[in-house]
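Here is the naming used below: chain letters follow the sequence lines, and residue numbers restart at 1 for every chain. Just so you know, these numbers use all the heavy atoms, side chains as well, and skip hydrogens, waters and symmetry mates.
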There are 2 protein chains.
Amino acid sequence: MKQVQDVASDTRERLMDVAERLFAERGYSNVPTRMIAEEASANTAAVHYHFGSKERLLEAVFHRRLEPMNRERIAKIKEAMAASGNGRPDVEVVLRAFIEPTLRKPRDDGERAFRLLSGRASTDPNPEVKRILFQAYDEVARAFADAIAKACPELSTEELFWRVACVYGAMLYIRADNGRLQPVFGKEFSLSDPEGALRYAIAFMRAGMQAPPAGPVD
Amino acid sequence: MKQVQDVASDTRERLMDVAERLFAERGYSNVPTRMIAEEASANTAAVHYHFGSKERLLEAVFHRRLEPMNRERIAKIKEAMAASGNGRPDVEVVLRAFIEPTLRKPRDDGERAFRLLSGRASTDPNPEVKRILFQAYDEVARAFADAIAKACPELSTEELFWRVACVYGAMLYIRADNGRLQPVFGKEFSLSDPEGALRYAIAFMRAGMQAPPAGPVD
DNA sequence: AACTGATTAAAGCAAGCGCTTGACACAATC
DNA sequence: GATTGTGTCAAGCGCTTGCTTTAATCAGTT
């Protein structure tokens, strides 16, 4: 019984590992289920046996990583709110709660691959991909929006909306690591360096969030 | 002669218009050439007659919009450098030179579609797409990097690299307009609003670029 | 030893893919 | 008025796609 389940979840796990890496490298639409099965030393039927469809495999890949990560983000956001005594939380603390879990050092190749995948998928127009991301991020997105609004009470909702978009964009661009800035700045710099991401990107974002309001468009 | 060319470039132009819109809406890999041809009231053979391949059609779509846009960006960047007498150009002026042409109000539906397309393609892992974007943006990327480095001389190359990445990310996320922030902030706000993009996003970026250096990671 | 339920494997289906073909239309050229 | 060059068209080629089918395998139970 035990052994059967172990072997079973072994193939399942291997399929997710391979799919995660290939989706990150080549994009969901450009990875055939056959390729996933082959690299996982499994049969294409195994993909549909374990997940039902290619789309649900992607869903499982996201769920596996996002479940713990988003739980942590929400916990830290709530912590930041509580620390302020329900007053005005610190901008940098809120930013870190939202961003640190997504940009810190990956623990293994799987996490590294998923970091790429989630960044790249963020602008994927494929409706299957969009649906999965919407669902996966909705709760943490709302929690962050609430917290950052409380941390920046002098901003109108409109101005807040735009600044949050900039924060999202920066975070996701770093995660996606499309390699376009390497040839410009030199190969010694990499968006996949977690030290720089947390130190420099958060400094940028904090300054952006704390800039004096530009005020409404006349 | 005149009339023949007119009719010819008519189909060619129509194919590019439709491809631009469909690539933006569904992603390059998810749009069959058959669909492009059908919506352009043409034959699939016309795609290959005029462009040689689907990949070269994408290239043509990018080239058509990017040629004038990047020429303008580079001219404005040079202008900003010249205005400073080859000293220290203004950060906001440099930012605007780089970003305004990409975020201002689209003149028609074609420009609007391309705005989406270019934002979404920026993190597309498909090697065909990556190659085209690398090529198309290399020159303007270098010009901007030079100018912004001169405008922020107190930043180390490493710190500059990360801040430029944040600027890229914010700009491209706004262009991509993936619709994920709408349900959080309410439908009255849209990343496709060019007034807000220029006013609020540039204020954010300027503050980010002008933040005091965080200094090296110890 | 027969049975059961959970997996895996080989083969293939219908549909869709990028691209090519050969015939044809038509204005411009000679 | 035959020829040429340009563009369009219906048809289809070879291949790949996500997914299904059918049969086999294997551990655990009876």
Going by side chain to side chain donor-acceptor pair (under 3.5 Å), name the residues that satisfy it together with B/N126, two or more places apart in sequence or in a different chain.
B/S29
Got a sec, which residues hit ring-ring contact (aromatic ring centres under 6.0 Å, His included) with B/F62, two or more places apart in sequence or on another chain?
B/F114
Under the ring-ring contact (aromatic ring centres under 6.0 Å, His included) test, which residues partner A/Y28, sequence neighbours left out?
A/F23
Measure the distance from [atom1] on [X] to [atom2] on [N] and round it to the nearest whole Å.
| X | N | atom1 | atom2 | result |
| --- | --- | --- | --- | --- |
| B/R14 | D/dT8 | CZ | C1' | 11 Å |
| B/Y49 | D/dG7 | OH | C1' | 5 Å |
| A/E13 | C/dT8 | CD | C1' | 18 Å |
| A/D10 | C/dA6 | CG | C1' | 15 Å |
| A/H50 | C/dT8 | NE2 | C1' | 8 Å |
| A/R12 | C/dT8 | CZ | P | 11 Å |
| B/N126 | C/dG18 | CG | C1' | 14 Å |
| A/L15 | C/dT7 | CG | P | 13 Å |

Within the structure shown, what part of the strands sits under 4.0 Å from A/A46 by heavy-atom distance: base, sugar-phosphate, or nothing?
nothing
Considering all heavy atoms, the nearest A/G179-B/F134 contact:
O-CZ, 3.1 Å
Which pairs count as side chain to side chain donor-acceptor pair (under 3.5 Å) when at least one residue sits in residues 171-180 of chain A, sequence neighbours excluded?
A/S118-A/R175, A/Y173-A/N178
Under 4.0 Å between a side-chain N/O of B/T11 and OP1 or OP2 of D/dT8, yes or no?
yes
Any side-chain N or O of B/H48 less than 4.0 Å from the OP1 or OP2 oxygen of C/dT20?
no
Heavy-atom contacts under 4.0 Å between residues 23-39 of chain B and DNA chain C, which residues?
B/V31, B/P32, B/T33, B/R34
What salt bridge (charged side-chain N to carboxylate O under 4.0 Å, His left out) pairs are there with at least one residue in residues 42-55 of chain A, not counting sequence neighbours?
A/E55-A/R131
Who pairs with [X] by salt bridge (Lys or Arg N to Asp or Glu O under 4.0 Å), at least two apart in sequence or on another chain?
| X | value |
| --- | --- |
| A/D138 | A/R142 |
| B/E72 | B/K76, B/R104 |
| B/E79 | none |

Check: residues 32-42 of chain A side-chain donor-acceptor pairs under 3.5 Å, at least two apart:
residue : atom : partner : partner atom : Å
A/E39   : OE1  : A/R21   : NH2          : 2.8

Taking the nucleotide of DNA chain D with the closest heavy atom to each, which residue, B/T44 or A/N43, is nearer the 5' end?
B/T44
Inter-end axis angle, the helix from C/dA1-D/dT30 to C/dC30-D/dG1, with every axis fitted to five base pairs (rounded, 10 degrees):
20°
Give me the ring orientation class for B/F98 and B/Y168: parallel if the planes are under 30° apart, tilted from 30 to 60°, perpendicular past 60°.
tilted
Short N-O contact, A/R14 and A/D10, less than 4.0 angstrom:
yes
DNA chain D contacts among residues 52-60 of chain A, heavy-atom distance under 4.0 Å
A/S53, A/K54
